[in-house]
Structure formats: structure tokens, C-alpha cells
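Data block below; observations after.
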Amino acid sequence: MKIIEVTNQNKALTTNLVDIWEKSVLATHDFLSTEEVDTIKKYVPQAITEVEHLAVAEEDGSSLGFIGIDQHRIEMLFLDPDIRGRGLGKKLIQFMIDNYHVDSVTVNEQNSQAVGFYQHLGFKTYQRTDLDEEGNPYPLLYMKM
């Protein structure tokens, strides 16, 4: 497995990453309805293409997961659910720490798997909101290393 920083995005890669996003969200975001996932999915390609730094984990030419950051904050981290538990998320975060000094993340409080994952890596909550950044009733945890 290798981690590649994406410097030249193309439609095929974006489509592939949106597929990973959807599989990951369906496996971990049980607080979202199917309709909500479909609505959010419309904005994912733009988010992927506009993130400041994007890295993809690949194995045998297939994308397995990706991370996107802005400044020093993780904006997105999604893995193919079939490979979760193999250390890939930690490797993607470490790549961004090593290269861009990443030290913070915002995570849905209702995504207990993600909260536990980030806590395991040393992130601590410093702020909580009752609503997400779009004003929806999904509490967010702001975490720092």
C-alpha cells in the first residue's frame, strides 16, 4: 500500500473517491437517512476538488481511502469499509502530520467510531456544538492533538 498526494485531480479519481465516501458514510453514519446521504453526496465532488491538500491510499492501483486537509485541520477522512481496521486511517493522518503538521479535526459526535478513533490517536475535544456547520441537528466535536 502507498499514499500518494494528489496534485492533478481528474473526473475518474473524483468519482472513485465519492464512491469510497458513500460506502464509508453508509457504514459509519447511521444517524443519517438515505435521503440525507443522497443530498450531501451532491456536494462531495466539489469538497474533494477544493480541499487544499488531498492524499489517497492505493494498493494494486485501487484507491482504498483518502484524506483531505485545509491549513492544519482534517476536513475529510474516508476509508473503504472493507479495509477498516488495517491501520490505513492512522497512516493517512500520519502522512498529513509529517507533511503539513495537521493537529485538528471536526467530527460528528454521533459517529462514535470516528470519535473513538481520533481519541485513540491523541485528539482531545476542546469544543462542542449542537448543530453542524450547515445548521443541521448533528452535534460536532472540535478536536486537537
Side-chain angles (χ1 to χ4, degrees), residues 1 3-59 61-97 99-100 102-121 123-145:
M1 191 220 22
I3 297 175
I4 301 164
E5 184 162 1
V6 178
T7 56
N8 186 19
Q9 292 189 42
N10 59 54
K11 187 167 177 61
L13 176 63
T14 301
T15 299
N16 189 17
L17 297 184
V18 170
D19 289 344
I20 291 171
W21 173 88
E22 184 173 29
K23 285 192 255 180
S24 178
V25 167
L26 291 173
T28 59
H29 291 61
D30 56 1
F31 55 93
L32 293 174
S33 69
T34 304
E35 293 79 21
E36 289 167 311
V37 172
D38 290 342
T39 298
I40 295 166
K41 184 179 176 179
K42 296 173 190 172
Y43 302 100
V44 174
Q46 180 180 350
I48 290 171
T49 58
E50 291 181 355
V51 73
E52 184 178 18
H53 299 285
L54 178 69
V56 177
E58 291 185 348
E59 188 171 72
S62 296
S63 300
L64 303 175
F66 65 97
I67 186 170
I69 66 161
D70 276 321
Q71 302 297 315
H72 302 287
R73 182 170 101 159
I74 298 168
E75 295 291 333
M76 57 189 72
L77 173 62
F78 294 96
L79 307 175
D80 184 316
D82 293 337
I83 56 90
R84 285 183 46 222
R86 291 181 22 194
L88 182 56
K90 182 177 179 178
K91 288 176 186 173
L92 284 164
I93 290 173
Q94 192 62 54
F95 177 86
M96 290 301 193
I97 289 170
N99 291 286
Y100 298 104
V102 165
D103 66 356
S104 61
V105 65
T106 304
V107 64
N108 289 99
E109 183 180 54
Q110 294 159 299
N111 185 349
S112 58
Q113 294 174 43
V115 172
F117 169 74
Y118 288 115
Q119 288 172 337
H120 177 74
L121 294 179
F123 288 84
K124 305 274 188 230
T125 301
Y126 68 89
Q127 182 181 349
R128 181 190 181 276
T129 62
D130 289 331
L131 305 175
D132 69 12
E133 292 165 345
E134 287 77 38
N136 297 311
Y138 304 116
L140 295 179
L141 300 178
Y142 293 81
M143 305 176 85
K144 272 196 168 291
M145 279 201 123

Hey, what do you get for CD1 (I74) to CD1 (I97), rounding to the nearest 0.5 Å?
7.0 Å
Determine whether a donor-acceptor pair (N or O, by modelled atom type, separation under 3.5 Å) exists between the side chain of S24 and the backbone of W21.
no
Work out which heavy atom in V18 is nearest to a heavy atom in K41; give both atom names and the distance.
CG1-CE, 3.8 Å
If you take all heavy atoms of M143 and V115, which pair is closest and at what distance?
CE-O, 4.3 Å
Donor-acceptor pairs under 3.5 Å, side chain of residues 84-96 to any protein atom, not counting sequence neighbours: which ones?
residue: R84; atom: NH1; partner: Q113; partner atom: OE1; Å: 3.2
residue: R84; atom: NH2; partner: Q113; partner atom: OE1; Å: 2.1
residue: R86; atom: NH2; partner: E59; partner atom: OE1; Å: 3.4
residue: R86; atom: NH2; partner: E59; partner atom: OE2; Å: 3.4
residue: Q94; atom: NE2; partner: D98; partner atom: OD1; Å: 2.8

Rounded distance [0.5 Å steps], CG in D103 versus CZ in R73
11.0 Å
Euclidean distance, L141 CG relative to Q110 CD, rounded to 0.5 Å
10.0 Å
Got a donor-acceptor contact below 3.5 angstrom from the D132 side chain to the G135 backbone?
yes
When every non-hydrogen atom of L131 is compared with those of P137, the smallest separation belongs to CD2-CA, 3.8 Å
With sequence neighbours excluded, tell me which residues meet side-chain contact (heavy atoms from CB on, under 4.5 Å) with E58.
K2, I4, V56, S63
Evaluate side-chain contact (heavy atoms from CB on, under 4.5 Å) for F66 paired with M76, printing each intermediate quantity in order.
CA-CA 8 Å; F66 65 97; M76 57 189 72; 3.7 Å; yes
If you draw a 6.0 Å radius around OH in Y126, do more than 12 non-hydrogen atoms from other residues or ligands fall strictly inside?
yes
Supply the atom-to-atom distance L17 CG to D80 CG, rounded to the nearest 0.5 angstrom.
11.5 Å
Atom pair OG1/CG of T28 and N111 - distance to nearest 0.5 Å:
4.5 Å
Between I67 and L54, does the side-chain contact (heavy atoms from CB on, under 4.5 Å) criterion hold? Intermediate values first, please.
CA-CA 6 Å; I67 186 170; L54 178 69; over 6 Å; no
Quick one: does E36's side chain have a donor or acceptor within less than 3.5 Å of a partner on S33's backbone?
yes
Could you tell me whether the side chain of Q127 and the main chain of L140 form a donor-acceptor pair under 3.5 Å?
no
Apply side-chain contact (heavy atoms from CB on, under 4.5 Å) to V107 and Y142, showing your working.
CA-CA 7 Å; V107 64; Y142 293 81; over 6 Å; no
Measuring centre to centre across the rings, with the benzene-like ring taken for any Trp, is Y118 within less than 6.0 Å of H120?
no
Spell out, as yes or no, whether a donor-acceptor pair under 3.5 Å connects the side chain of N136 to the backbone of Y138.
no
Tell me whether E52 contacts the main-chain N or O of Q71 through its side chain, where contact means a donor paired with an acceptor under 3.5 Å.
yes
